[in-house]
Amino acid sequence: MNVFLTGCTGFIGTRILSACSVIHGLNMTAAVHRPFEVSLSRSVEAPSLDSQSDWSGLLAGQHVVIHAAARTHIMQDEAVEPLKEYRRVNVEGTFKLAQQAAEAGVIRFIFISSIKVNGEQTLLDQPFSADDRPCPEDAYGISKWEAEQRLWQLASHTGMSVVIIRPPLVYGPNVKGNFANLVEMITRGFPLPFGAVSNKRSLISVDNLVDLIITCIYHPRAANQVFLAGDGRDLSTTELLRGVAKVAGRPSRLIPIPTSFLEVVFLLLGKKSMAQRLLGSLQVDISKARDLLGWEPPLSVEEGLSRCFPENKNS
């Protein structure tokens with residue numbers, strides 16, 4: 001099977017490329033924007049991702065497109081009009097690629113979206129489901145939702161099926177961003193005031209996410225469906241930090257400060273969004289993937305966290 005992958009140099013894309021090529025023996029074509037050594041696959045120069053992109057010469061003979069490239073979520077976006085920039089890449093660029101994929105005879109288009117389409121937080125033990133009404137709050141989430149809608153419109157009048165996957169926070173080896181910052185603080189032994197946080201958050205190991213994506217390449221019942229992705233076990237911030245410390249072989253120096261006090265401190269510091277991520281809940285229900293595809297996350301949370309530390313004897 002011929003599979004065309006965008007975003008192959010990113011954190012998720014590199015794992016998709018490796019698993020599809022090495023483990024599953026798929027005939028991969030990797031779209032790259034800069035020189036990048038791609039083993040066991042063919043690389044092609046990707047156009048810019050916008051409404052003017054011309055992918056037509058690259059998509060001939062492809063059966064599946066996995067679209068992992070995007071203008072990703074930026075914490076301190078310096079763009080004058082962030083939503084406009086997100087729409088240019090994530091909406092118009094995605095639609096142009098998908099439109100030309102359909103014209104080239106691609107059978108299935110797998111779109112890596114975001115749980116931000118559903119929203120930013122959930123009530124405790126009331127997880128988002130794949131069929132919930134979308135409620136994106138920031139520019140990135142809005143752009144992903146609008147891209148999904150354009151893809152459904154395209155699927156409705158072409159023969160190409162669409163699969164949408166919405167992951168929450170993705171972690172794994174060499175991850176960057178907030179998760180990497182927490183890992184660094186734990187491994188350096190910094191005391192942290194999160195020893196009494198009783199929220200619940202869903203995460204997904206990059207290897208579990210890739211396994212779901214590959215399942216969606218083959219499974220006939222994945223066609224024209226939305227799936228939420230997760231490890232299948234939710235953690236509080238306290239549990240997550242203790243888990244990271246354990247697999248890193250470091251003590252977890254967590255001070256049990258009341259959550260209500262921490263919320264006030266974050267508010268005074270102007271860090272409301274950070275408080276939401278560290279103290280609030282965001283849970284996803286992966287039962288649709290389980291029921292419809294028979295999919296189970298192959299790695300436990302402990303195994304996923306261990307892979308963040310390949311040098312550790314517990315990994």
Point-to-point distance, once rounded to the nearest 0.5 Å, from [atom1] of [X] to [atom2] of [Y]:
X      : Y      : atom1 : atom2 : value
Gln99  : Ser53  : CD    : OG    : 11.5 Å
Leu182 : Leu240 : CG    : CG    : 7.0 Å
Gln283 : Arg233 : CD    : CZ    : 13.0 Å
Leu26  : Ile214 : CG    : CD1   : 7.0 Å
Leu279 : Ser260 : CG    : OG    : 10.0 Å
Thr9   : Leu17  : OG1   : CG    : 10.0 Å

Do [X] and [Y] come within less than 4.5 Å of each other through their side chains, counting heavy atoms only?
X      : Y      : answer
Tyr140 : Lys116 : yes
Gln100 : Val106 : no
Leu293 : Leu212 : yes
Ile255 : Leu192 : no
Arg166 : Glu148 : yes
Asn118 : Cys135 : no

Mark yes when over 12 heavy atoms from residues, nucleotides or ligands other than Gln149 sit less than 6.0 Å from its CD; otherwise mark no.
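Counting other residues, nucleotides and ligands, CD of Gln149 exceeds 12 neighbours.
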Answer yes or no: does atom OH of Tyr218 have more than 12 heavy-atom neighbours from other residues, nucleotides or ligands under 6.0 Å?
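Yes, the 6.0 Å shell around OH holds more than 12 heavy atoms from other groups.
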Same apolar cluster: [X] and [Y], side chain cutoff 4.5 Å:
X      : Y      : answer
Leu305 : Val183 : yes
Ile107 : Met28  : no
Val64  : Leu59  : no
Val244 : Val197 : yes
Val3   : Val65  : no

For [Y], does its backbone N or O pair with a side-chain atom of [X] as donor and acceptor, under 3.5 Å?
X      : Y      : answer
Glu85  : Pro82  : no
Thr238 : Phe194 : yes
Thr6   : Ala69  : yes
Arg250 : Ala248 : yes
Thr158 : Leu154 : yes
Glu146 : Ser143 : no
Ser48  : Asp50  : no
Asn208 : Leu299 : yes
Asn2   : Gly61  : yes
Ser18  : Arg15  : no

Which atoms form the tightest heavy-atom contact between [X] and [Y], and what is the distance?
X      : Y      : result
Leu209 : Ile12  : CD2-CD1, 3.8 Å
Ser281 : Leu124 : OG-CD1, 3.5 Å
Gly93  : Leu49  : O-CD1, 3.6 Å
Asp207 : Arg307 : OD2-NH1, 3.2 Å
Ser113 : Lys144 : OG-CB, 3.6 Å
Arg108 : Ala223 : NH2-CB, 3.4 Å

Return yes if a side-chain donor-acceptor contact under 3.5 Å exists between [X] and [Y], otherwise no.
X      : Y      : answer
Ser252 : Arg242 : no
Ser129 : Asp131 : no
Asp211 : Trp295 : yes
Gln225 : Lys288 : yes
Gln62  : Thr29  : yes

Test question: given the 4.5 Å side-chain rule for I, L, V, M, F, W and Y, name all other residues clustered with Val117, or answer none.
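Besides Val117, the hydrophobic cluster comprises Trp145, listed by chain and residue number.
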In the hydrophobic clustering that connects Ile, Leu, Val, Met, Phe, Trp and Tyr at side-chain heavy-atom distances below 4.5 Å, which members other than Leu268 occupy its cluster, ordered by chain and number?
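Joined to Leu268, directly or through intermediates: Val264.
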By ring pair (Phe, Tyr, Trp, His ring centres under 6.0 Å), which residues pair with Phe11, not counting sequence neighbours?
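Expected list: none.
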Please identify each residue that fulfils ring pair (Phe, Tyr, Trp, His ring centres under 6.0 Å) with Tyr171, with sequence neighbours left out.
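If we apply the ring pair (Phe, Tyr, Trp, His ring centres under 6.0 Å) test to Tyr171, skipping adjacent residues, the hits are Phe179.
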Qualifying residues under side chain to side chain donor-acceptor pair (under 3.5 Å), relative to Thr122, sequence neighbours excluded:
none
Show, in sequence, the C-alpha distance, side-chain angles and deciding distance for Met1 and Ile217, and conclude whether the side-chain contact (heavy atoms from CB on, under 4.5 Å) test is met.
CA-CA 10 Å; Met1 181 178 290; Ile217 291 175; 3.4 Å; yes
Trace of the salt bridge (charged side-chain N to carboxylate O under 4.0 Å, His left out) decision for Arg290 with Glu296
CA-CA 6 Å; Arg290 283 171 161 153; Glu296 285 291 336; 3.0 Å; yes
In a check of side chain to side chain contact (heavy atoms under 4.5 Å, CB included) between Phe109 and each of Val163, Leu151, Ile164, which one passes?
Leu151
Quick one: side chain to side chain donor-acceptor pair (under 3.5 Å) pairs with a partner in residues 189-204, sequence neighbours left out?
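Listed by first then second residue: Asp125-Lys200, Asn199-Thr237, Ser202-Asp234.
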Pair Arg150 + Glu92: basic N to acidic O under 4.0 Å
yes
